[in-house]
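Just below is one structure, and these are the notes that go with it.
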2 protein chains.
Amino acid sequence: MAVNLKQLAEILGLSQTTVSRALNGYPEVNAETRQRVLQAVRETGYRPNRAAQRLATGKAYSIGLVMPIAAGIDSDIHFGEFLAGLAEESVKHDFHFVLNPSAPDDEEATFRRLAASGNVDAVFLAYMRPNDPRIPMLKALSIPFVVHGRSIGGPRDYPFLDVDNTQAFYDATKLLLQLGHHRIALINGPDYLAFSIRRKKGVTRALTEWGLGLDEELVHHSVMADEYGYRSMQHFLERPDPPTAVLCSSTVLALGAVRAINRAGLAIGSDISVIAHDDVLPMLKPENFSVPLTTTRSSLRAAGARIATRLIGGIIGRGDYPEQELWRAELIVRASTGPAPGR
Amino acid sequence: MAVNLKQLAEILGLSQTTVSRALNGYPEVNAETRQRVLQAVRETGYRPNRAAQRLATGKAYSIGLVMPIAAGIDSDIHFGEFLAGLAEESVKHDFHFVLNPSAPDDEEATFRRLAASGNVDAVFLAYMRPNDPRIPMLKALSIPFVVHGRSIGGPRDYPFLDVDNTQAFYDATKLLLQLGHHRIALINGPDYLAFSIRRKKGVTRALTEWGLGLDEELVHHSVMADEYGYRSMQHFLERPDPPTAVLCSSTVLALGAVRAINRAGLAIGSDISVIAHDDVLPMLKPENFSVPLTTTRSSLRAAGARIATRLIGGIIGRGDYPEQELWRAELIVRASTGPAPGR
DNA sequence: GTGGATATCCAAAGCGCTTTGAGAGGAAAT
DNA sequence: ATTTCCTCTCAAAGCGCTTTGGATATCCAC
């Protein structure tokens, strides 16, 4: 059924060399010949054998994933979404994955083993922390990588794709300020993750520019599950001077926060404004909230796909991608934001 | 640094053939020679080149995963946990993954492509539905597979690993009945999934044996996120004749249910009893609930690991595993169950 | 017409492993 | 002593691709 290079070459009356070169875009092959080859590929359905390519080139055509287990990270809803993006793009290029579950304290050994195994050409990294030790480690191992997010402190010259979290939350906060809000709460992700730190920074910056400060009492950090959104919001509302607006680091958190607000009998968009960061989770669309949510939007899946593209591009040496990308989140205003009450 | 077979053979003064055979457990090699070979492997740190093995054997040493996207399945917390188990075992045998995100209506084509690509030796299947079309499809494609769960109806002769969900929920219900409960509610997973159907069946059976029937009003089906557990429980409690006991298909659902119960000012274990199915999610331990939860327990991660073992065993032809396994969940009684009130 | 580019193409080696088909040596059987 | 049969080992042939190092032909300038 499936033809191989040798047969294909025979059919075409060419040598394997020429056919191979035609397929891999080498210049020393006549344009017309290349067309003939491409045509034959279409007709025969020829697909190069990955195992043979791997052996011949020494490339693994695979990317490594270290999944932190028991850390409440991999199992979270955001991980699956990101992974879907990665996989979506990888499957197009017939790239495979080597999944390595690893306890956090065993991560270094895992990376080391992975790099030494020769089973992957590159790895991907996420859940960045300040001064993340994995960056220097991977540099030392000299295995290509792309990180999703950015560390804070430490080396700056490494490939990443990040959302401009500071900017996003700065923008969001600014909008709230313009609407007259002064007491603004933040329900953030875990405080040890870089993106949370940056988001908080964005809020602080906007407030400072406005001549205000961030009330630390109005900042909560937690795993991004809606339970925590609920609890945090509930806490805030029990204060003598509850906030008139709240920023959530995820629509998942917002889900809980909204529930707490409803339960308190307050009206979203008038009594209290809500803005959430939207990772574009297909299950949780901000426009489907009872009161559609104002969000800062940046698709997690798109980020996954982009990182896969860059990783793969780097491996097959095609395409020239920027080493560092900072995506700007869009601020999308819906009904959950309104003027501060009593204004 | 890394030695290959040829060099290893040279060091040992043996031929590649002999060394290869010694390593792969062929009988026609002297025990002493085999020991020498194994020793040399230890000393040199020799690791066979997977790409070469793949080419030589025609095996892919990889397993295929079709992740349904946009279905609220892959992103769910249970998927990550299962995947961790799969990966944990696979990494030991240096098996890789081919992740194929696929829209539900495109699944057949995805499997077909995957099988034809030769990139995987076997695939894994989950989220079984009644008369699941994927089973006959994979049989027709004649690619080895193992399913997690079981279909209902359709062919019966396929390899699976399932938890005896009927039994588990039968056991749990029986306990509640013995404690004097009559009005028992069920917060179940999606009604189109086989495991949900079986769990409900277990509840029904126990009630019937006791001379009671299942009140359909006290059964809710939903995605297993705690939000839904909350809502369902709230609904139940608003009834004129609320249940005195509730069964939850996941600790995630129980989380929400517990919240609703607390909010209603009821005491768990006395006013109302709760039993949940525990997939052993590291983030959500039933013993850590404010009132420790009685559960039917069966580790999802262990199931993942076991399936990987069977899949891999089938591929490398080592080990002889049963085609069908039905794990019995353990019923673990903690403080969330007690006698029915007023008894 | 000749030397030297230039453009196309090819034969063959090699990637690191498994596996086939045989051979050498010794023990057992005749 | 010869034959037969194991036991253990090996040389060599692939697996299907990439890539090196030429060939061959064409074309140009001189």
Side-chain angles (χ1 to χ4, degrees), chain A residues 1-38 40-41 44-62 93-94 116-119 121 315-318, chain B residues 1-38 40-41 44-62 93-94 116-119 121 315-318:
Chain A
M1 190 75 239
V3 302
N4 60 23
L5 225 213
K6 191 173 173 184
Q7 297 165 338
L8 187 65
E10 206 155 324
I11 291 172
L12 284 160
L14 290 171
S15 74
Q16 295 189 39
T17 310
T18 304
V19 178
S20 172
R21 291 205 154 135
L23 291 176
N24 294 318
Y26 281 70
E28 61 266 68
V29 41
N30 191 306
E32 188 194 337
T33 306
R34 192 186 304 268
Q35 285 314 313
R36 275 183 58 219
V37 171
L38 258 26
V41 166
T44 58
Y46 167 76
R47 304 262 306 141
N49 179 308
R50 254 291 131 95
Q53 288 183 312
R54 281 193 248 254
L55 185 56
T57 60
K59 285 177 186 154
Y61 295 101
S62 321
H93 300 272
D94 196 9
S117 76
N119 281 331
D121 304 304
I315 293 166
I316 63 180
R318 212 171 294 173
Chain B
M1 190 74 236
V3 302
N4 60 21
L5 225 213
K6 191 172 172 184
Q7 297 164 338
L8 187 64
E10 205 155 325
I11 292 173
L12 284 161
L14 291 171
S15 74
Q16 294 190 39
T17 311
T18 305
V19 178
S20 173
R21 292 204 152 134
L23 292 177
N24 294 318
Y26 281 70
E28 62 265 66
V29 39
N30 191 307
E32 187 194 337
T33 307
R34 192 185 305 270
Q35 285 315 314
R36 273 184 59 219
V37 171
L38 258 26
V41 166
T44 58
Y46 168 76
R47 305 261 307 140
N49 179 308
R50 254 292 131 94
Q53 289 183 313
R54 281 192 247 253
L55 184 57
T57 60
K59 285 178 188 156
Y61 296 101
S62 320
H93 299 273
D94 196 10
S117 75
N119 282 330
D121 304 304
I315 295 166
I316 63 179
R318 212 171 294 175

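Numbered from 1 within each chain, the chains take letters A, B, ... in sequence-line order.
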*Pairwise side chain to side chain donor-acceptor pair (under 3.5 Å) hits with a residue in residues 3-17 of chain B, at least two apart*: B:Ser15-B:Thr18
*asked:* At 4.0 Å (heavy atoms only), tell me whether B:Gly118 reaches a base, stays on the sugar-phosphate, or touches nothing.
replied: nothing
*For A:Leu14 and C:dA11, give me the distance from atom CG to atom C1', rounded to whole Å.*
14 Å
*Short question: side chain of B:Arg47, backbone of A:Ser117 - any donor-acceptor pair under 3.5 Å?*
no
*Does the side chain of A:Leu5 reach to within under 4.5 Å of the side chain of A:Pro48, using non-hydrogen atoms?*
no
*Please name all residues satisfying salt bridge (charged side-chain N to carboxylate O under 4.0 Å, His left out) with B:Glu32, sequence neighbours left out, ordered by chain then number.*
none
_Just to verify, what does A:Ala56 make a side chain to side chain contact (heavy atoms under 4.5 Å, CB included) with, not counting sequence neighbours?_
none
All N/O contacts under 3.5 Å from nucleotides 23-27 of chain C to the protein, with atom names and distances to one decimal?
none

*State, to 0.1 Å, how close A:Arg54 and B:Arg54 come at their nearest heavy-atom pair, and which atoms those are.*
NE-NE, 3.8 Å
*Output all residues satisfying salt bridge (charged side-chain N to carboxylate O under 4.0 Å, His left out) with B:Arg34, sequence neighbours left out; order by chain, then residue number.*
none
_Nucleotide D:dC15, atom C1' - distance to CZ of A:Arg50 in whole Å_ = 17 Å
*asked:* Looking at every heavy atom in both B:Ala51 and A:Leu55, which two are closest together, and how far apart are they?
replied: CB-N, 3.9 Å
*Name all residues meeting the side chain to side chain contact (heavy atoms under 4.5 Å, CB included) criterion together with A:Gln35; count only those two or more places apart in sequence or in a different chain, and write none if there are none.*
A:Leu38
For nucleotides 16-21 of chain D, which of its nitrogen or oxygen atoms have a protein nitrogen or oxygen under 3.5 Å away, and what is each distance?
residue	atom	partner	partner atom	Å
D:dC17	OP1	A:Tyr46	OH	2.9
D:dC17	OP1	A:Asn49	N	3.0
D:dC17	OP2	A:Leu5	N	2.4
D:dT18	OP1	A:Asn24	ND2	3.1
D:dT18	OP1	A:Gln53	NE2	3.2
D:dT18	OP2	A:Ser20	OG	2.6
D:dT19	OP2	A:Tyr26	OH	2.7
D:dT19	O4	A:Thr17	OG1	3.1

_With B:Asp94 via side-chain hydrogen bond (donor to acceptor under 3.5 Å, both in side chains) - residues at least two apart_ = A:Asn119, B:His96
_Net bend of the helix from C:dG1-D:dC30 to C:dT30-D:dA1, end axes of five pairs each, nearest 10 degrees_ = 50°
Check the interface with nucleotides 23-27 of chain D: list each N/O to N/O pair with the protein under 3.5 Å, or write none.
none

*Are any non-hydrogen side-chain atoms of A:Gln53 and A:Lys59 less than 4.5 angstrom apart?*
no
_Residues which pass side chain to side chain contact (heavy atoms under 4.5 Å, CB included) with B:Ile11, listed by chain and number, not counting sequence neighbours_ = B:Thr44
*For B:Tyr46, check ring-ring contact (aromatic ring centres under 6.0 Å, His included) against everything at least two apart and list the hits.*
none
